[in-house]
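Note sheet for the following structure.
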Amino acid sequence: MIGAFWMVDPRKRAARYSEDSDTFPDATSLFNDINSPVGADLLRDRELMRKLEKAHFRKPDRTRIITVANQKGGVGKTTSAVNVAAALAQGGLKVILIDADPQGNATTALGVHHISGTPSLYNVLENEMQLVDVLQPCPDVPGLLVAPSTIDLSSVEISLVMQERREYRLRDAVQALLEDSRHGSNQVDYIIIDCPPSLGLLTLNALVGADEVMIPIQTEYYALEGLTQLMKTITMVKESLNPALHISTILLTMFDRRTNLSQDVAAEVREFFPRETLSVEIPRNIRISEAPSFQQTVVTYDPRSSGALAYRAAAFEMTEQIVKEEK
């Protein structure tokens, strides 16, 4: 079972200090003591790192196309998309990240040029170029290719509104790329699509173009409010445009295990999505926030940080998922 891979909270397993003890631990014992919050986190990270060193990222039988979507901003959507993509590539898989957000934050985080006029997803959706022609390699992660976004992409929703098959532009481009890769030796293992924080035409293209949806959910109650509308949109797309679409992954982000709020929200999400919710949560970690300013993902910026280990664990757990067969 997937959940068996991850360790139980050591604070729940360890013997506690005797309440009548008058000895207070010094600085050294504080970091060694798994009963303390700092010691527990350090022990958890150490065990997780040890397990990840032995983990094998297996290739899927067919290319998995995953759209990362949540119309609410600030939930770690782009951060999750780039770090999961980078972690999968570090695991030896061939990964393509498609940045469908005009803000281009995913492109920036991966260190790819995206000034106005750069061949980008805009040219693909306008049928001016093929997807393979706009891909750029990520300089820090071998095996990861990026279809960049530029500010030009912001005009696509206006230019395509009257076009035929406007919802299928991205799907057609992705299928053309996969068809070409099947004739060669470089099969793509994962395609990750990052969406804008809205439910417009770009997000619709991303949902129609994918088979799976990954939803990052911040462990705060406000983050749950927009989930209902997103679920309705996914159901609508599934019924009318893309029967293969399904939610495969729920990723809990900005998790603080010290607070009851994070624990309660996580429990509520797992109650409604028991199979889809990953067992690993992404913690609040300053390294995750710092990495984009250096045009890197956290898994390359600080591979030993709590945030990097969590994203690598999440990526591994995704490779262990059973892909639903197309009906």
Side-chain angles (χ1 to χ4, degrees), residues 59-68 78 81-82 84-102 104-156 159-160 163-196 201-212 214 242 244 295 297 323 326:
K59 291 180 176 289
D61 295 333
R62 59 180 177 84
T63 303
R64 293 181 64 180
I65 309 172
I66 304 174
T67 285
V68 184
T78 295
V82 298
V84 166
L88 289 170
Q90 283 187 339
L93 305 177
K94 183 171 182 180
V95 183
I96 293 176
L97 184 133
I98 299 176
D99 190 353
D101 187 348
N105 291 333
T107 306
T108 299
L110 294 172
V112 173
H113 296 292
H114 62 113
I115 60 174
S116 181
T118 301
S120 66
L121 186 63
Y122 167 79
N123 304 101
V124 175
L125 296 180
E126 292 285 359
N127 284 336
E128 298 173 354
M129 303 180 72
Q130 297 294 315
L131 184 58
V132 67
D133 298 324
V134 306
L135 295 178
Q136 297 185 42
C138 175
D140 297 317
V141 185
L144 175 58
L145 298 175
V146 183
S149 168
T150 64
I151 192 61
D152 303 322
L153 190 61
S154 59
S155 65
V156 163
S159 62
L160 292 185
Q163 300 292 325
E164 294 184 359
R165 290 180 57 83
R166 58 185 180 272
E167 303 93 347
Y168 295 91
R169 291 293 179 94
L170 183 56
R171 182 180 184 85
D172 292 343
V174 168
Q175 293 304 317
L177 180 142
L178 293 180
E179 187 64 30
D180 291 339
S181 69
R182 291 190 186 101
H183 298 300
S185 58
N186 296 322
Q187 178 181 345
V188 180
D189 296 310
Y190 284 82
I191 295 179
I192 308 293
I193 307 173
D194 183 38
C195 293
L201 186 56
L202 287 171
T203 299
L204 183 59
N205 262 267
L207 293 174
V208 174
D211 299 321
E212 306 175 40
M214 180 173 79
N242 184 8
Q295 296 189 350
T297 64
V323 182
E326 292 186 18

### Query
Where is the tightest heavy-atom contact between Ala147 and Val134, given as atom of each residue plus distance?
CB-CG2, 4.2 Å
### Task
Check the pair Arg171, Asn205 against side-chain contact (heavy atoms from CB on, under 4.5 Å), reporting the backbone distance first and the verdict last.
CA-CA 7 Å; Arg171 182 180 184 85; Asn205 262 267; over 6 Å; no
### Message
What's the separation between atom NE2 in His113 and atom OG1 in Thr108, rounded to the nearest 0.5 Å?
### Response
11.0 Å
### Message
Could you tell me if the side chain of Ile65 sits less than 4.5 Å from the side chain of Ile193, heavy atoms only?
### Response
yes
### Message
I need the minimum non-hydrogen distance between Thr67 and Cys195, along with the two atoms involved.
### Response
CG2-SG, 3.3 Å
### Query
Just one of Asn105, Thr107, Thr78 clears the side chain to side chain donor-acceptor pair (under 3.5 Å) bar with Asp194, so which one?
Thr78
### Query
Is there side-chain contact between Asp140 and Thr297, with heavy atoms separated by less than 4.5 Å?
no
#### Entry: Separation of Thr118 OG1 from Ile151 CD1 (nearest 0.5 Å)
12.5 Å
#### Entry: Any side-chain heavy-atom pair of Val124 and Arg169 under 4.5 Å
no
### Query
Between Leu131 and Val174, is any pair of side-chain heavy atoms under 4.5 Å apart?
yes
### Summary
From the list Leu144, Leu178, Leu177, side chain to side chain contact (heavy atoms under 4.5 Å, CB included) partner of Ile96 resolves to Leu177
#### Entry: CG-CG distance between Leu153 and Asp101, expressed to the nearest 0.5 angstrom
8.0 Å
### Message
With rounding to the nearest 0.5 angstrom, report the CG to CG distance, Leu125 to Asp172.
### Response
10.5 Å
### Distance-minimising heavy-atom pair for Val95 and Ala89
CG2-N, 3.8 Å
#### Entry: For the student: nearest non-hydrogen atoms of Asp99 and Gly104, plus distance
OD2-CA, 3.3 Å
### Query
Between Leu97 and Ala106, which heavy-atom pair has the shortest distance, and what is it?
CD2-CB, 3.9 Å
### Query
With distance as the sole criterion, is a donor-acceptor pair present between the side chains of His114 and Ser149 under 3.5 Å?
no
### Query
Within a reach of under 6.0 Å around CD of Gln130, are more than 12 heavy atoms found that belong to other residues, nucleotides or ligands?
no
### Query
Hey, what do you get for NZ (Lys59) to OG1 (Thr63), rounding to the nearest 0.5 Å?
10.0 Å
### Message
Any heavy-atom pair between the side chains of Leu207 and Asn242 that's under 4.5 Å?
### Response
no
### Query
Does the side chain of Arg64 reach to within under 4.5 Å of the side chain of Asp189, using non-hydrogen atoms?
no
### Query
Is there side-chain contact between Val156 and Leu202, with heavy atoms separated by less than 4.5 Å?
yes
### Task
Answer whether the closest heavy-atom distance between the side chains of Gln295 and Val112 falls below 4.5 Å.
no
#### Entry: Interatomic distance, Tyr168 atom OH to Gln175 atom CD [nearest 0.5 angstrom]
12.5 Å
### Task
Over all heavy atoms of both residues, which pair between Ala100 and Leu121 is shortest? Give the atoms and the distance, please.
CA-CD2, 3.6 Å
### Message
Could you go through Val141 and Leu110, starting from their C-alpha distance and side-chain angles, then the distance that decides it, and tell me whether this counts as side-chain contact (heavy atoms from CB on, under 4.5 Å)?
### Response
CA-CA 9 Å; Val141 185; Leu110 294 172; 5.6 Å; no
